[in-house]
Each structure stands twice: as C-alpha cells, then as structure tokens.
Undergrad: 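Starting off with a structure, shown below.
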Amino acid sequence: MAYKSRSDDLFFRVGTGVLAFLIIAVVAGIFFELWRVSALSRHAFGWRFWLTDVWDPVSGNFGARPFIWGTLYSSLLALVISTPIALGIAIYISELSPARFQLPLVFVTELLAAIPSIVYGLWAMFVLVPWVRQLELATPDWLRATPFFSGPPFGIGMGAAALILSVMVIPFSSSVAREVLKAVPQSQREGAYALGATRWEAIRMALFYGRTGIVGAVMLGLGRALGETMAVTMVIGNTPLVSLSLYKQQYTMSAVLANEFAEAITPLHINSLVEIGLVLFVITLIINVISRAFIWSLGRQATSKSRAAAPEPVPEAA
Amino acid sequence: MRERWRKALSASIVWLCLLAVLLALVPLALVLFYVVEQGISSLNWAFFTHMPVPHGETGGGMANAIVGSLMVTGIGAIGAIPIGIVAGVYAAEYRGTWLASSTRFAADTLNGVPSIVIGVFAYGIVVLPFHRYSAFAGAFAIGVMMLPLVMRTTEELLLLVPSTLREGALALGATRARAVFTVVVPSALPGIMTGVLLAVARVAGETAPLLFTALNNNFFNTDPRQPISTLTVQVYTYAISPYEDLHRQAWAGALVLVAIVLTCSLMARVATARLERMQRGG
C-alpha cells in the first residue's frame with residue numbers, strides 16, 4: 001500500500017514537473033533559437049553591427065546603431081514623462097484616496113493596460129499626431145534652435161512615439177509602485193506622524209523605505225517600453241537616424257522587425273533582423289531580472305524587519 | 001513660518017498626485033471616446049459578414065479576419081491552458097523546490113519578453129522548418145504568450161485553497177494526484193477560469209507576434225496550415241494604407257477589439273468580486 005502511494009506520487013510529481021520544466025525550456029529555447037538563426041549576421045559583422053548606420057538589404061550591408069539608439073532614447077523619454085505620473089497615481093491610490101475610490105481607480109488603471117497596443121497606435125496616428133504637429137508648429141524659434149526641437153514639424157516622430165509610449169507604460173509602473181507602498185509597514189508612517197511630520201513627509205518616509213521597490217517598478221516600466229512595438233511603429237516615422245531631436249523621424253528595434261521581417265528575402269537580411277531580436281531579448285531580460293530582484297529584496301526586507309521590530313499583534317476582540 | 005511652508009508643500013503634493021491621476025485618465029477617456037465615435041459610425045452588419053473588397057473600393061468587411069482571430073487565439077489557448085494549469089499545479093504543490101522556483105522565475109521572465117521577440121521565436125521554430133507562414137505559427141506565438149499568465153494565476157489561486165480541503169482528501173485515502181485534481185483544483189476552478197479569461201483577452205489584442213507568423217490573407221481561410229488574416233493585423237494594414245474607407249474599417253476593428261477586452265475585464269472583475277464575497281461568507 002505504501003509502495004503504491006509512493007509510486008503514484010512520483011508519477012504525479014514527474015508528470016506535472018515535466019510541464020513546469022517546459023516553461024523554463026521555452027525561455028532557454030527563445031535564446032538558443034535566436035542565437036542560432038542570427039549566426040550569419042553575427043559572423044559577417046561582429047560588433048560592427050552595433051556601431052554602424054548602414055542598413056542596405058540590396059548590397060547586404062547591415063548596421064543597427066540607429067535602431068538601438070531609437071529604442072533606448074524613446075524608452076528613456078517615455079520614462080521621464082511617465083515616472084512622475086505613475087508615482088503620483090500610486091501614492092494617490094495607496095495613501096491619499098478615500099477607501100471607496102480605491103478599487104474603481106485600480107480598475108481604471110488596469111483598463112489602461114488592457115487596451116491593445118494596436119488601438120493605441122491607431123489613435124496616436126490619427127488623433128495624437130495632428131495635435132503634436134500643432135504643438136510643433138507653435139514652437140518658438142529660440143526653442144527650435146536647440147538640438148532637442150530641431151527639424152521640420154511633421155507630427156510623426158520621436159516626440160509622438162515617446163508620448164504614446166509613456167501612456168502605455170504608466171499602468172505597469174504605477175501598479176508595481178502601489179504594491180511596493182502597500183508592503184511598507186504602517187509603523188513607518190505612524191512613526192513619522194508621531195514625530196510631527198506632515199502628510200507629504202510621512203509619504204516621503206514610505207517612499208524612502210520602499211526605494212528599491214520603486215526603482216524596480218520604474219525599471220519594469222522600462223522593460224515594457226523597450227519591447228513595445230505596434231504603437232511606436234505607427235508614429236515614430238521609421239527612418240533610421242541617430243538624433244536627439246524630438247521632431248525628427250527615427251526608428252526602433254521592434255519597429256524594424258515589424259516592418260521588414262515578413263518581407264526579408266536574403267538569409268543575411270533575416271539573420272540581421274533576428275540578431276536585433278536577440279539583443280532586444282537580452283536587454284529586456286536583464287532589465288526584468290534586475291527589477292524583479294529589487295522588488296523581491298524589498299518584500300524580504302519588509303517582512304523580516306517588521307517581524308523583528310514588532311511582536312505579533314494581539315487580535316482585538318470584535 | 002517654516003511650519004506654514006511644510007504644510008503648504010504637503011498640500012500641494014496631495015494636489016499634484018490627484019493631478020497625476022487625472023493626467024492618466026485623460027488619454028484613456030480620449031482613446032475610448034475616439035474609438036467609439038469613429039468606430040460606431042463604421043460598424044455595420046457587413047463588417048462581420050462580408051469579405052474585404054479590393055483596395056480603393058468602398059464597403060466590405062472583416063469576416064475572414066474575425067474567423068482568423070478566433071482560430072489563432074483558440075488554437076493557442078487550447079495548447080497553452082492545460083500546460084499552464086499543470087505547470088501551475090506543480091509550482092503550487094512543490095513550492096520551495098528548486099524546479100518550482102525556477103519555473104516561477106522563468107514564467108515572470110517570459111511574461112516580460114517583448115511580444116515581437118516571441119514572434120521571431122515562432123518564426124524560427126514553426127515558419128522556417130515548414131517553409132511557410134501559417135495560422136499554426138501564429139497560434140504557437142499566442143500560446144507561448146499565454147503560458148506564463150495561466151501558470152501564475154493557477155499557482156496563486158491554488159495557494160489560496162484552504163489546506164484543510166487537501167488534508168481531508170488525503171485523510172480519506174486519496175493519492176496526491178487524486179486529491180489535487182478532484183478536490184483542490186476544482187475548488188479553485190472559478191478563479192482559474194477568470195485568470196484564463198483575462199489571459200485570452202490580453203493575447204487576443206496582440207498584433208506584433210502575428211505579423212510574420214500568421215501573416216495575412218485576403219481570402220477566407222480555415223486551414224491552419226495556411227497564412228490567415230487576423231483582426232489586429234488587419235487593423236494595422238488598413239491603418240497604414242492610404243485609403244479613407246480602410247481607415248474607417250480600421251476604427252471599426254479597433255472598436256470590436258476594445259469591446260472584447262472591456263467585456264472580458266468586466267466579466268473577470270465581477271467574477272473576482274463574487275469569489276471574494278463567497279470566500280468571506282464561507
């Protein structure tokens with residue numbers, strides 16, 4: 001009898017374990033597959049691939065510098081816009097809002113994350129871009145003399161892409177930041193209030209306590225922004241160019257994949273595109289791992305410290 | 001003086017946070033408004049029942065794309081849901097083991113992989129060996145995206161099941177497999193279904209992984225070995241085309257997509273609320 005139940009347990013464990021292992025295999029498989037299919041391009045260009053600007057499928061010369069620039073620059077700009085807003089939302093929902101508004105607000109920010117990328121792209125293309133063009137036409141000359149606002153006012157370009165990206169990133173960073181603030185022990189805030197702190201000073205204490213988690217939340221948003229494809233492809237202009245200007249049309253790694261992959265014929269062209277995918281995969285992987293490590297370390301710190309500091313709360317008689 | 005400054009700063013930060021909430025609501029409201037306003041005027045019965053007409057002509061619909069989206073998402077879900085649930089069972093049952101932690105880590109990683117990269121992966125695994133774009137390739141990409149979502153929901157919900165249920169089953173002599181699959185999983189099933197619904201809603205709106213896997217198709221196709229048209233890819237192709245009438249249809253497609261996503265989110269929210277009430281009551 002004992003033998004039977006043991007073998008049964010083993011069967012269950014192996015059977016479910018194989019499928020659990022499958023998920024690990026998929027992640028490893030993505031890396032090896034992208035590595036394998038990018039072999040031609042890796043051998044032909046080496047590191048030069050990331051340092052040159054030529055992208056010429058006809059002559060078979062490929063350099064990805066403008067794409068990696070566009071991806072990093074658009075994501076960075078999106079973070080600059082979205083981070084204060086995302087933190088503001090997280091603080092408002094977890095620290096300030098009346099309890100009955102909390103759930104509806106959470107639901108609404110989740111909705112922002114649920115709208116498909118293609119819908120954001122469609123809206124950005126036909127509604128946001130004309131507005132951005134109006135803004136660009138109204139730019140004073142002294143501002144246009146700076147490298148950040150030079151170039152013709154197309155509407156389509158880096159600025160529009162950064163704006164729509166920031167809208168799409170906000171729900172991700174704000175929901176993680178909200179979780180982080182929830183993990184900060186109440187005693188931190190009470191301590192601050194007891195010392196005569198104002199509301200903001202108490203919130204600042206909570207933010208400082210959760211700083212690693214907050215950094216993690218922002219980085220998780222960065223990971224989303226780096227890989228975002230459709231909305232960016234539709235408004236960034238798809239022109240390989242390394243420029244600081246928000247008005248210039250540029251290109252990103254994900255956008256070049258979306259535009260050229262289905263039409264690539266020569267093996268070298270396909271391999272070069274896959275190499276871009278490989279690097280995009282590795283970058284987002286690293287960003288995600290670091291951000292999760294930050295968030296995770298906060299969770300541990302919060303539980304271990306609050307246990308050490310305060311004895312088990314005595315449940316009050318209801 | 002200093003006291004007043006501190007209070008003023010605190011008050012202004014409170015207002016800034018409220019402003020941030022409003023700033024995030026503005027784009028949401030604008031997107032929903034334009035999608036409904038532009039979409040509703042273009043949405044008609046023909047959109048669901050007719051085939052696309054040649055570019056430049058007016059009229060026609062997205063019947064083939066709607067069927068294609070259902071097929072690609074359906075095949076992907078059929079593949080991913082059982083695997084995700086069983087993997088989630090392992091992660092919850094053997095919590096703390098090396099494999100369970102690694103699986104959880106891999107799922108979170110997979111969840112953060114850009115969808116376009118998953119498309120490239122599907123291209124390498126399915127399109128290259130068979131030398132053709134196909135609905136299967138698109139479904140593979142969609143399935144890979146669903147895996148971590150289903151697995152994590154299952155795991156989290158199984159951990160919420162009171163251990164007394166399992167202990168009861170084991171005390172009656174059930175094997176572990178039997179206790180898990182006939183007692184523990186069924187009691188968490190409504191929650192798992194809700195999570196699966198949300199996962200389907202999320203991947204149904206994906207475009208990037210389908211661009212070079214399922215590709216597109218101007219004709220009606222139900223053969224999963226052939227390229228197939230999907231709603232999202234069709235909205236994209238129409239949006240970047242120069243024809244007014246196609247833009248109109250793109251808005252209609254966007255409205256259908258948003259309606260699907262909103263309905264699923266609302267259903268999930270209602271189901272979650274009911275579950276919470278039940279748990280509190282019980």
Side-chain angles (χ1 to χ4, degrees), chain A residues 5 8-9 12-13 16-17 19-24 26-27 30 33-34 37 84-85 88-89 91-92 96 105 107-112 114-120 122-123 125 127 167 170 198-201 223 226-227 229-230 234 254 257-258 261-262 274 277 280-281 284-285 288-289 292, chain B residues 6-7 9-10 13-14 16-18 20-21 23-25 27-28 31 34-35 83 86-87 89-91 94 99 102-103 106-110 112-117 120-121 124-125 144 147-148 151 175-177 201 205 207-208 211-212 215 232 235-236 239-240 250 254 257-258 261 265 269:
Chain A
S5 91
D8 185 72
D9 184 33
F12 172 69
R13 184 167 188 162
T16 53
L19 293 191
F21 183 75
L22 188 68
I23 293 185
I24 304 174
V26 166
V27 176
I30 293 178
E33 187 61 24
L34 298 187
V37 186
I85 299 177
I89 295 172
I91 292 173
Y92 187 81
L96 302 171
L105 279 175
F107 180 63
V108 167
T109 48
E110 274 172 10
L111 217 56
L112 211 50
I115 291 179
S117 172
I118 182 79
V119 175
Y120 277 117
L122 187 72
W123 179 77
M125 217 174 146
V127 182
V167 172
I170 283 172
T198 60
R199 219 168 185 188
W200 161 239
E201 285 159 350
L226 289 170
T229 309
M230 297 320 296
M234 291 165 90
S254 52
L257 287 176
F261 210 106
V274 174
L280 191 58
F281 173 70
T284 49
L285 195 77
N288 275 310
V289 169
R292 291 209 188 271
Chain B
R6 284 173 54 210
K7 279 190 176 156
L9 179 72
S10 181
I13 298 273
V14 169
L16 279 178
C17 288
L18 189 60
V21 174
L23 268 179
L25 293 188
L28 178 67
V31 169
Y34 275 94
V35 166
I83 300 177
V86 174
V89 165
Y90 181 88
Y94 298 97
L99 184 58
S102 309
T103 304
D108 286 344
T109 307
L110 192 55
V113 175
S115 55
I116 187 109
V117 171
V120 178
F121 174 58
I125 294 275
V144 168
L147 261 187
M151 182 236 146
T175 59
R176 188 163 193 170
T207 317
L211 286 173
F212 37 83
L215 205 69
T232 47
V235 169
Y236 175 61
I240 59 175
L257 280 174
V258 168
V261 167
S265 302
R269 174 110 325 226

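Residue numbers begin at 1 in each chain, while the letters A, B, ... track the order of the sequences. This is a predicted model, so every value here is computed, not measured.
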Undergrad: In terms of heavy-atom proximity below 4.5 Å to chain A, should Ala91(B) be classed as side chain, backbone, both, or neither?
TA: neither
Undergrad: Does some side-chain heavy atom of Tyr236(B) sit less than 4.5 Å from a side-chain heavy atom of Met234(A)?
TA: yes
Undergrad: Any heavy-atom pair between the side chains of Val113(B) and Phe281(A) that's under 4.5 Å?
TA: yes
Undergrad: Please determine, among Val89(B), Val117(B), Leu257(B), the option with the most heavy-atom pairs under 4.5 Å with chain A.
TA: Val117(B)
Undergrad: Measuring heavy-atom distances to chain A, does Val261(B) have an atom under 4.5 Å in its side chain, in its backbone, in both, or in neither?
TA: side chain
Undergrad: Kindly write out the residues that satisfy ring pair (Phe, Tyr, Trp, His ring centres under 6.0 Å) with Tyr94(B), not counting sequence neighbours, or none if the list is empty.
TA: Tyr90(B)
Undergrad: Can you name the residues that form a side-chain contact (heavy atoms from CB on, under 4.5 Å) with Arg199(A), not counting sequence neighbours?
TA: Leu96(A), Tyr193(A), Ser10(B), Val14(B)
Undergrad: What residue, out of Leu211(B), Ile125(B), Ile13(B), has the most heavy-atom pairs lying under 4.5 Å from chain A?
TA: Ile13(B)
Undergrad: Yes or no on side chain to side chain contact (heavy atoms under 4.5 Å, CB included) for Val144(B) and Val26(A), after CA distance, side-chain angles and deciding distance?
TA: CA-CA 8 Å; Val144(B) 168; Val26(A) 166; 3.9 Å; yes
Undergrad: Sort out for me which of Ala114(A), Gly223(A), Pro84(A) touches chain B most, counting heavy-atom pairs under 4.5 Å.
TA: Ala114(A)
Undergrad: Compare every heavy atom of Pro114(B) with every heavy atom of Leu280(A), then report the nearest pair and how far apart it is.
TA: CG-CG, 4.2 Å
Undergrad: Could you have a look at Asn288(A), Ile24(A), Ile170(A) and say which one has the most heavy-atom pairs with chain B under 4.5 angstrom?
TA: Ile24(A)
Undergrad: Measuring heavy-atom distances to chain A, does Leu25(B) have an atom under 4.5 Å in its side chain, in its backbone, in both, or in neither?
TA: side chain
Undergrad: Quick check on Leu105(A) against chain B: is it the side chain, the backbone, both or neither that has a heavy atom closer than 4.5 Å?
TA: side chain
Undergrad: If you tally heavy-atom pairs under 4.5 Å against chain B, which of Thr229(A), Ile91(A), Leu122(A), Val289(A) wins?
TA: Leu122(A)
Undergrad: Given that the side chain runs from C-beta out, which part of Ile23(A) has a heavy atom under 4.5 Å from chain B: side chain, backbone, both or neither?
TA: both
Undergrad: Can you see which heavy atom on Gly88(A) is nearest to which on Ala20(B), and at what distance?
TA: CA-CB, 3.8 Å
Undergrad: With a 4.5 Å limit on heavy-atom distance, are the side chains of Met125(A) and Ile240(B) in contact?
TA: yes
Undergrad: Which atom pair, heavy atoms only, marks the closest approach of Ala262(A) to Leu215(B)?
TA: CB-CD1, 3.7 Å
Undergrad: CG of Leu18(B) to OH of Tyr92(A): how many Å apart, nearest 0.5 Å?
TA: 4.5 Å
Undergrad: Indicate the atoms forming the closest heavy-atom contact of Val27(A) with Ala106(B), along with that distance.
TA: CG2-O, 3.5 Å
Undergrad: For the interface with chain A, which of Ala250(B), Pro148(B), Ala208(B) has the highest count of heavy-atom pairs at distances below 4.5 Å?
TA: Ala208(B)
Undergrad: Using a 4.5 Å cut-off on heavy atoms from C-beta on, say whether the side chain of Leu19(A) contacts that of Met151(B).
TA: no
Undergrad: Heavy-atom distance under 4.5 Å between the side chains of Thr198(A) and Leu9(B), does that happen here?
TA: no
Undergrad: For Leu16(B), which atoms come within 4.5 Å of any heavy atom of chain A: side chain, backbone, both, or neither?
TA: neither
Undergrad: Say you draw a straight line from CD1 of Ile85(A) to CG of Leu23(B); how long is it, rounded to the nearest 0.5 Å?
TA: 4.5 Å
Undergrad: Which answer fits Val21(B), side chain, backbone, both or neither, if we ask what part of it has an atom under 4.5 Å from a heavy atom of chain A?
TA: both
Undergrad: Tell me, for Val108(A) versus chain B, whether the close heavy atoms (under 4.5 Å) come from the side chain, the backbone, both or neither.
TA: both
Undergrad: Against chain B, work out which of Thr284(A), Val119(A), Ile30(A), Val37(A) has the most heavy-atom pairs shorter than 4.5 Å and name it.
TA: Ile30(A)
Undergrad: So how far is it from Ile118(A) CD1 to Thr207(B) OG1, rounded to the nearest 0.5 Å?
TA: 4.0 Å
Undergrad: Which of the residues Ala239(B), Ala201(B), Ser265(B) is involved in the greatest number of heavy-atom pairs with chain A at under 4.5 angstrom?
TA: Ala239(B)
Undergrad: Does any backbone or side-chain atom of Val31(B) lie under 4.5 Å from a heavy atom of chain A? Answer side chain, backbone, both or neither.
TA: both
Undergrad: Which heavy-atom pair separates Phe121(B) from Leu34(A) by the least distance, and what is that distance?
TA: N-CD2, 4.2 Å
Undergrad: Where is the tightest heavy-atom contact between Ala24(B) and Ile89(A), given as atom of each residue plus distance?
TA: CB-CD1, 3.4 Å
